[in-house]
Amino acid sequence: MADPQSNARLRADAGAPTSGVIHVRTRLSADFTVLSNALAQRRGSAVTVGVAAYVLSLPDGSPVSIAALCEHFTEGEILISRALRELEGAGYLERRRERLPTGQIRTRTYFYDVPGGDPDPDGPPEPPKPRRPAAKQPAVAEATPPSETVGEAVPAPARVAENPVPLTDADPQAVAVLTALRRVDPRLILSGQEAARLAPAVAEWLAAGVRAPEITELLTARLPDRFRARPASILAFRLRETPLPAPPPLPLPEVAERPAVLPFQTCGGCDRAFRASAPGRCRDCRSGNPLQAAG
């Protein structure tokens with residue numbers, strides 16, 4: 001006797017979910033990037049996670065400036081800059097300014113798989129040794145365009161002073177904003193030299209119309225749980241990367257209001273024309289002076 005046949009669909013595997021995504025995984029042996037679940041499942045902006053995944057997939061030495069990232073992504077400078085600030089605030093991204101033996105200033109960008117993780121036990125790569133020049137040249141940093149590329153020599157930021165004026169000569173309102181940051185976050189304690197270095201950038205914000213409470217909010221929001229550098233370095237990055245607001249529109253010139261002109265009325269007593277809001281008698285007729293009214 002033949003086996004009974006059934007038209008019922010085959011039952012799914014017992015371990016397969018009945019809803020949601022089902023992964024079809026392929027074991028990769030090349031061209032893949034290790035990404036922690038804490039970063040891939042990070043709540044918030046998808047742009048931030050996408051930028052982080054892209055940076056992790058790049059080889060060492062690749063440019064990761066805002067301009068370079070904008071060439072790859074369709075998002076603009078504001079979203080890319082905000083994503084980098086969020087990654088830095090969360091501890092994934094760190095920028096260090098280093099001085100070469102030639103006197104040049106370079107900015108190195110470090111990206112961590114896990115915030116708070118230890119760097120490579122061998123330490124960060126050493127900066128390349130300068131070539132011996134054919135003729136004697138002064139050890140002065142050459143003027144190069146500003147960049148955030150890893151390992152590229154850049155001059156000091158324009159808004160954060162490299163050689164600050166004495167603290168007594170700095171803008172007192174800007175210094176007051178900086179010294180008050182420790183009330184919001186006790187870790188934000190600045191030395192006098194650091195406050196003098198950051199004061200010109202804060203003064204520029206104040207001159208642009210940004211109020212002191214707004215500056216405090218921008219400098220203290222979403223700070224990492226653990227600082228990998230001095231607080232002044234984090235504040236300098238936020239002052240440098242946060243775009244200034246558009247200047248407020250100029251007030252319109254005041255226009256003096258012209259007094260209302262009353263219409264002409266015909267006097268009911270002497271037929272003279274006079275200005276009034278409603279028909280009636282002129283002033284002379286109301287005063288009882290018929291001779292003056294008749295004249």
Side-chain angles (χ1 to χ4, degrees), residues 33-58 60-62 64-66 69 79-99 105-127 148-151 154 157 159-160 177-199 201-202 213-242:
T33 301
V34 177
L35 186 68
S36 66
N37 287 342
L39 179 58
Q41 300 173 7
R42 184 177 185 272
R43 295 182 62 87
S45 172
V47 178
T48 302
V49 178
V51 169
Y54 175 69
V55 173
L56 285 172
S57 69
L58 297 175
D60 290 346
S62 300
V64 290
S65 63
I66 296 177
L69 295 175
L79 291 180
I80 296 298
S81 176
R82 183 182 304 168
L84 293 177
R85 290 198 305 271
E86 291 184 2
L87 292 173
E88 186 192 24
Y92 288 98
L93 185 143
E94 179 186 4
R95 302 182 192 274
R96 301 179 189 173
R97 297 181 61 249
E98 302 174 357
R99 185 180 297 275
I105 300 297
R106 71 168 58 216
T107 298
R108 286 184 179 273
T109 302
Y110 296 86
F111 204 94
Y112 297 86
D113 296 336
V114 178
D118 295 330
D120 192 335
D122 298 332
E126 295 294 333
E148 298 172 357
T149 305
V150 178
V154 296
R159 293 172 55 190
V160 178
V177 172
L178 291 169
T179 55
L181 294 178
R182 65 176 182 270
R183 301 175 184 174
V184 181
D185 193 325
R187 299 174 297 173
L188 299 178
I189 299 178
L190 303 175
S191 65
Q193 183 178 3
E194 291 171 337
R197 183 168 63 91
L198 299 175
V202 177
E214 296 174 352
I215 297 177
T216 301
E217 175 66 21
L218 291 171
L219 295 180
T220 58
R222 299 185 302 276
L223 288 174
D225 297 334
R226 177 183 175 187
F227 288 172
R228 293 183 171 274
R230 286 195 58 81
S233 300
I234 299 177
L235 297 178
F237 174 81
R238 293 197 170 188
L239 287 168
R240 183 173 63 250
E241 294 298 326
T242 304

Contact summary for P224 and G91, nearest pair of heavy atoms: CB-N, 4.2 Å
Inter-residue atom distance T48.OG1 - L79.CG, 0.5 Å rounding: 9.0 Å
Student check: side-chain heavy atoms of D185 and L181 closer than 4.5 Å: no
R42 bridged to E86 by N-O distance under 4.0 Å: yes
Heavy-atom side-chain contact between L223 and L188 under 4.5 Å: yes
Student check: side-chain heavy atoms of L39 and D113 closer than 4.5 Å: no
Test item: V184 and L219 side chains (from C-beta on) under 4.5 Å apart, heavy atoms: no
Rounded distance [0.5 Å steps], CD1 in I189 versus CZ in R182: 7.0 Å
Heavy-atom closest contact (A40 atom, L35 atom, distance): CB-CD2, 3.7 Å
Carboxylate-amine/guanidinium contact R95 E88, below 4.0 Å: no
Atom of L190, atom of A195 and distance for their closest heavy-atom approach: CB-N, 4.4 Å
Spatial distance of atom CZ (R187) from atom OG1 (T220) [nearest 0.5 Å]: 10.5 Å
Separation of S81 OG from R240 CZ (nearest 0.5 Å): 10.5 Å
R82 vs R85 side-chain heavy atoms within contact, under 4.5 Å: yes
Residue pair V64 / Y54, side-chain heavy-atom distance below 4.5 Å: no
Minimum heavy-atom distance A83-V51, with the two atoms named: CB-CG2, 4.1 Å
Closest non-hydrogen atom pair between L178 and A199, with its separation: CD1-N, 3.8 Å
Nearest heavy-atom neighbours spanning A52 and L87: CB-CD2, 3.8 Å
Heavy-atom check, side chain of F111 versus side chain of L56, under 4.5 Å: yes
